[in-house]
Every structure is written in C-alpha cells, then in structure tokens.
Amino acid sequence: MSTPRHVYLVDGSGFIFRAFHGLPMMTRADGTPVNAVYGFTTMMMKLLNETDADHVAVIFDAARKTFRSDIYPAYKANRPPAPEELVPQFPLIREATRAFNVPAVEQEGFEADDLIATYATQAVALGARVTIVSSDKDLMQLVGDGVEMMDPLKGRAIAAEQVVEKFGVPPDKVVDVQSLCGDSTDNVPGVPGIGIKTAAQLITEYGDLDTLLARAAEIKQPKRRETLMTNADMARVSRELVRLKRDVPVVEPLESFAKRQPAPELLAEFVREQGFKSLSARLGGGGATMPKIPAPKSATSALPPTAAMAPAAAPDKIEYELVTSVASLDAWVAEATRAGIVAIDTETTGLDALRAELVGVSLSTAPGRACYIPVKHSPAEAQGSLLLSDPGAPESPKILPRDVVLEKLRPLCADPSVLKVGHNIKYDLHILNRAGLEVAPIDDTMLLSYVLDGASHGHGMDELAQRHLGHSTIKFADVCGSGKAQITFDRVPLDKALAYAAEDADITLRLHALLKGRLLAEHMVTVYETLERPLATIVAAMEREGIKVDSPALLALSEEFGARMAELEKDIHALAGHEFNVASPAQLGKVLFEEMALPGGKKTKTGQWATGADALEELALQGHALPARLLDWRQLAKLKSTYADALVAQINPDTRRVHTSYSLAVTTTGRLSSSDPNLQNIPIRTEEGRKIRAAFVPEPGNVLLSADYSQIELRLVAHVAGIEGLKQAFRDGADIHAITASQVFGVPIEGMDPSLRRRAKAINFGVIYGISAFGLAQQLGISNGEAKTFIDAYFARFPEIRDYMERAKQEARDNGFVTTLFGRKVYVPDINAKGPLRAFGERAAINGPIQGGAADIIKRAMIRLPGEIAAAGSKARMLLQVHDELVFEVPEAEIADTTALVKRVMEGAAQLDVPLVVEVGTGASWDAAH
DNA sequence: GAGGTCACG
DNA sequence: GACGTACGTGACCTCG
C-alpha cells in the first residue's frame, strides 16, 4: 500500500444535480432518463484518462437526515424533492462508478461534503495534494493548503483566487462569511439583510465572526449594528451548519482509494447497457477510426483544450536562489547562455512601465530552477526579514549595485543566440530599455496563449499557471497587500520577494515549453511568428515615444467647457423647477418622465428610465428644451472629464508627453486596445470634440502625419466573401456607398438623392456587423419591414454575401471559432447557445474574419514600417494606432518622402482581390492631419 | 462594483 | 408571433 501523493475526491452528489440541470435530457431505449449518467460517465472517462492522481473516490450523500438537522431542524427542509427524471439516475451513477472500478463512498448520517472534508484533511496530513472535483461553494472552505477544487463541467480549477472572487475572502474565512450571509437554498439563516458583499467586508475588517460579533457595537451603520447584535446567535448556528466536519469517523479508509486497474469489460458493458453509442465506439474502436465524442456541454466544447484536470508534471524539486554576489550572477548568466533560453521577469515599483523603477530581475533556466537578483530593496526590510527568519545566518546579504547587475545582464539580453522569454514581455522591454538594455530575441507566453486560445479565457500568468500547470502561484497581493495598505515591491522582504519573483520566471519558462509546443499542432505558428511576436517590440517603441499634447490649450478648453456646463446646468434646473444632479440618469429620468410627464419614456432592462442620447434626441425633436440642454451638457461633461482634464493629468513629467498603453492580448478579434489613457477614442465626430483632437501636436519643426485605410473592412468583405459586384466597384475606385446605392436601388449615381447613399452606407456597415433588419431599421430610423426590403435587395444584387454569412456561422458552430485570412482564430463562445445569445454569436462569427482580418493587415504594416523608415534614413516615428489609422511624427523636411513610404507599406501589407487604399494627411495637429 | 452613458473604429 | 439585436473597445459618473 503506497502513501497517497495526489488524491481525487469526486463530489458525486453535487455532480448529479449539476449534470442533470446542465445537460439536455436524453433517455435510454427503455425510457429511463440518463442525461446525468451520461455526463458523469464522460466526465469520469476524461478525468481518469488525464489525471496523475494515485487515489480516487467518488463520494455521495447517504441520507437526508444528518447531524445538522439536530442543530437546526429547518436545515435543507425547503429543498424540493428530486425531480422525477433524476430519481432513477442515482443508482445508475453508483453503478457507473463501480464500472470504472472506483470506490463509491457514502456514510449514513453524513453529507458527502463532510466525508470529503474528512478525507481531504487526512490526505493533507499525509503530505498529499488533494483535488476536489466539484463546483459546490460549500466546499470552497477547504481550498488551500494543498487542496484545490476543479469544476468538472467547466473544466476550470477553483483555487484560492476563485474563492476570493466568489466570496470576497480567502478560503479560511469562507465559513465566517457564509455564517453571516446564510444560504437560502439550504435554509441556512445567516443574518437578515447581509449578503456576500457586506459579509466579506465585515469579516475582512474584523478578522473573523467571533471578533465581529464581540465588537458589533462599534459598527457605524445603525441598522447593520442592530441586526448583527440581535441576530448574533443566528450567525453562530449558521456557522455550525456551514462548517464542514473534518473528523467524521470514516468507515472506508483513505488507503482503499488507491487507484485500481481499470476493468474495460465492466465499463464497456455498462456503457452498452445505457445505450451510449458514441462512448461504446470510443471504448471499442481504434484511434484512427474513433468517431468524435460529442462533448457533454456545447458551451465547453467550443473552448480550447485545457490541461487543468491533468496538471503537467511538476518539477521534482524547486530551487530558487537569491543572487547577491557577482560570482553567483556570473554563474546564472553563463547557465542561461549555455541553455540558449531564459525566462526573464522584472519587478518594479509600479504598473506604469514608463515611470516604474527597476527593483529586481528574475531568471529561470529550467523547470523549478530560478533566481532573483534584487537591485533596489529598502535596506531595513531587506535585513530584517532574513534575520528574523534565520537569526543564525551570516551577515545579511548586500544587494548588488544596480549598475553592476545591468552590465552583467547586458550581453545576455542582447545575445542573439539566447531566447528571452517573458510573460507580457512588452512591460519588461520598457523597464530594461529604459535601463539602457536591448532585449532580443524574445518570446512572450501571454501572446502565445492569446494566439492559441483567443479571448476564450484570460492570459494572466496566475490564470495560465492554474489552467495549464495546475499550480497556484503566489499572488502579488500576498506579498504586497492590496488597497491602501499596498506596498511597492522594493519594500518586500527579500525572502518573500525571492519566492514570488523567482516563481514568476519559473512558471513563465514552464508555460513557454507547453504553449510553444502547441503552436505547430494547432497551426498557429504563422500568426504568432509573423504578427504577434514582432509586434511586441514595435508597440513598446510606440508607447515609449508617446505624443505631445498642448496642455495650455486643454486647460483652456476645460475652463470653457466647465463654464458652459454651469450655464446649462442653471437652465436645466430652472426648466425642471428645482435643482438635481444632472449627471445622474436616475434623477434625470424622474424629472423627465415623472415630474414633467414627457411622453414616450422607456425603461432599461433594470427598470430605470432610459435617458440615453437617442431617447433625449427624440424628446428634443419634439421641442422640449430640457433634453436638448442636457444633451449639450453631457457632451461637454464627457469632453471635459474624459479628455481635457484626464489627458493633462496623464502627461509624463519626464517626457512631457502622454504615453498610452496598448493591450496586445485582450480583444476577441485581434485588434489592439488602448488605455491609460485610451488614445483610440479621441473625439472627431463633432466640432467641439475636434478641439480636443487639435490639442495633439508635434514638436516644433515636425508635423503629425495620419494615414488611414479607406474602407478596409468593406474591402475585406468583398475579398473574403468573393462579392464580384463589390470587388469591381473597388477596382473602379469610385464612391463605394454611392455605387452600392446605385446597384441596390437601381438609380444612376449622377444626381442621386443623398439619402439613398446614406442608406446604402448603413447597409454596408450592417453587412460588416452581421446585418439584421432590426439593427438597420434602428440605425436608419425606418420600419423593420422597410429595412428587410433593403437587405433583400442587397442580397439579390450581391448574392455571395449570403453564402459567406452561412459559411461563417457553420465554421463557428463546427469549431467554436472562425478564422481570418491570416489564420488568426476568433473564438465565438455563444454560437451554440440556445437563447438570444446565439444571435450575438452568429453576428460575431460574421464580423470576426472581417474585423480580425483588418487587424491582421494593419499589424503587418506596423511591423514593417519602423524598419523601412529607418532604412530610408528618416527620423519619422510611429506614435499611435487607431484600428485602421497610424499616426506619425515627421520632420517637416521629410513630409513628402514619409507620405509616400507609409502609403506604399500600408497598401502593400496584404494582397487582396481588391486594392488597399491609404489616405494620408499632415498638419500641425492630429485634427489638422485629417 | 454594476449599470448607464458615450467617446472611437 | 414574441424575443431582443447591429461588431469591437475603455473611461467616467452615480448609487446601493
């Protein structure tokens, strides 16, 4: 009998209920419902196939009556009886468990949760890891300390982080929170009026339930104080109900869960009896002829594979070294050079890569082997913690001087034969570049993950470590705290800093091995190598350039807008007959639709009065003064706070310019996004707004040059969908919307009614978005029927578009994603949903290759441009990207050459059946360059 | 922290 | 016949 190293405890009862409600109904030939049995069987097959567990058991509830009913008779008393179709499935699932040759465990008087808690506690005491296969929130109190949960239907790990997401507190405080907020499904009373949010806040503040109840009198909010004081006993009873029993006198010993040999005949027979044909084929058939197994749940089938249920083998040992001597640093550099690959991560004083200071660098050269090289830790803490942790240690280490470390790292970072792997390496590039180091070549695990799995999940390192390695990383908040009490990394004691920073490099290297390996198999090499990887360096350079804003002009605008807002506010209050907060949609709705009783008020989906621009415009059109004033006020408020004020505040004091941050791995379609500040939504559509844009200016002696793709998305539609009529129109180089109008409505272009062109333009946009009669009607202010007539006319004239839309939807349904011309995957998670979500999915599937293809094309141009500019001996610099536009700062003497160069490179970024056309303008401001 | 609103492509 | 819709983002404000 071996000691357990990894124990899987499957919450059988919990799984039954979730599978029953989550899976479509299916019945055996004899009419017995078996949907939960089917879900359970496929889950177990997958689990046993993929897990490295050496002990496995499925735990069930035995009976309804448990010790909890004695404490509180109402416990679980309002549970409805199990649905009729579920009842016969209970014994079948126990039978299935035996067919897998896995112990099915239950014990009279105890809930499955208590048995799980007990076995988990025993296993941890023996030094084993435990994975609880369940998504039941009542089990979350067990997470941590070697215990993890796994949501079997979503294939997602539930670690401390997910528990915090759910309860707002770490696992060890979950019981306290549940005691306060109660649970209506189980009839756990809790304290009335306190939900999870409040409970988490109280527990976080007071530490635990007992302290909170003891000090309840101190609570400021009078109502909350009173309920807590009167219901203290209810909270204590609730605690007894929710706290799991970890010392059940179990009958089945943990050792008996040791994984047994599978019994294929047994399983095959069971599966055949239930009529699971696909599973029978899978068990009987060879690999090549094996039919596709339908996944139990459509929503998850669209998601990419995950290793979460089968954590990759962790390294045998973890060796993290704190580097404080030149000799040791030399050894690490030599080791990395020999290895030809090194994961690198920088720790800094902040999130803003252009202001944060370098605190330390971590390197990893092999799984489990990493170091941390501090260069700026405040001496007091640095010594204190080491002395505390080991009073007998020799002299506290002296940190190597920053310059020494940088000089030692310089050749490694620049060595063309050593691959530097980072996670979101753009950040580290900024830090190291600012320290004077060049870094090449690079790989980025965040971008690898994005290319492989799209936006189907996040790409943060913590999430990837959990998902792919089954590893819970040390969280930044664990070492630095959070909120007001957060400290900067240079104040973290060195031992903690080592554990955190070295782990990051270690995980990065391990993720790299895993993800890079998937690239080829999943046909994503080209997208990664030709688009995303080279872009990281390019975008870093753009961010670092920043752009100059005319702050006196913005300050003046802020004043002007503020003054006009004050005037408008006075008018609005007078019109309303009293003062109110004009920025509050709730108060405004009341004024308009209740006090003034204006007609046509609609509610939003949450029951508030809708006061959006379209609603106010409608009212203004009827001659009401207040809505008209309010529209003006809103426009000014937006311009003032989001642009005039925020931009000035974002000026970097060192460079006197604003530096946006582009995210390379967030959008579903492959576009970039921009934040802090967002420079991709600077106003342009109104005259007032353009005053903001006019405050983006070049340095003296330069101009701003703006180059934008003309109609790139519609050109992609023409190309991708193979629409001959549209292609020809583009080749002819004429006004595309006018031509569309002419062809759809059958009128000559000469002397065309402008409203026809406007309608054609809206239809063209609609096509890009996955047209619907409703959407088009909304956009044009016409009836659904009329819109449908237009669409039919369009389809009749350009029939290929219909085929394209069907193809896109089918591709999405089959694969869970659509692809762009350049092979990027755009995931469409809701495409197989049942309700209205599917319609969204379908439109997203249609739009994906278009928006994503355009994103690919401009990325190709961006990657080529800086090199071409440099090769031309030009001093022009690429500053901004706004989806179909690039903005450059160009010396006046180079305007003509740069215009030609940019146009040539952008137009040549892809070869389509239609020409790509780029329009270039220059001027003394971004506004003037258009 | 969610919802409403609005800036952009 | 009803439902509830244009695709993709990020920032600011209010309010419970």
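Within every chain, numbering begins at 1; the chains are lettered A, B, ... in the order of the sequence lines, protein sequences first and strands thereafter. Just so it is clear, the values below take in all heavy atoms, side chains as well, and ignore hydrogens, waters and symmetry mates.
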Counting any heavy atom closer than 4.0 Å, what does [X] reach on the DNA or RNA strands: base, sugar-phosphate only, or nothing?
X: Gln608(A); answer: sugar-phosphate
X: Asn581(A); answer: sugar-phosphate
X: Glu885(A); answer: nothing

Is [X] near enough to [N] that one of its side-chain N or O atoms lies under 4.0 angstrom from OP1 or OP2?
X: Arg693(A); N: dA7(B); value: no
X: Thr668(A); N: dT9(C); value: yes
X: Thr611(A); N: dT5(B); value: yes
X: Gln635(A); N: dT5(B); value: no
X: Thr606(A); N: dG3(B); value: no
X: Arg843(A); N: dA6(C); value: no

Legend entry - Nearest heavy-atom neighbours spanning Gln587(A) and Asn581(A):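 Looks like OE1-N, 2.8 Å.
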Legend entry - Paired nucleotide for dC3(C) [Watson-Crick or G-U wobble; both distances under 3.5 Å]: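 The base-pairing partner of dC3(C), which may sit in any strand shown, does not exist here.
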Interatomic distance at [atom1], [N] relative to [M], whole Å:
N: dT5(B); M: dC3(C); atom1: C1'; value: 25 Å
N: dA2(C); M: dA7(B); atom1: C1'; value: 34 Å
N: dG4(C); M: dC6(B); atom1: P; value: 22 Å

Legend entry - Sub-4.5 Å side-chain heavy-atom contact between Leu716(A) and Leu821(A):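 Yes, their side chains come closer than 4.5 Å.
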Legend entry - Heavy-atom side-chain contact between Leu554(A) and Phe696(A) under 4.5 Å: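 Side-chain contact under 4.5 Å: no.
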Inset, instruction - Could you state the atom-to-atom distance from CG of Asn678(A) to C1' of dG10(C) in whole Å? - result: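 Taking CG of Asn678(A) and C1' of dG10(C), I get 5 Å after rounding.
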Inset, instruction - Measure distances between side-chain N and O atoms of Gln851(A) and base N and O atoms of dC7(C), and say whether any donor-acceptor pair falls under 3.5 Å. - result: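 Such a pair exists between side chain and base.
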Inset, instruction - For this output row, return yes or no: ring centroids of Phe798(A) and Tyr794(A) closer than 6.0 angstrom. - result: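 Close enough - the centres of the two rings lie under 6.0 Å apart.
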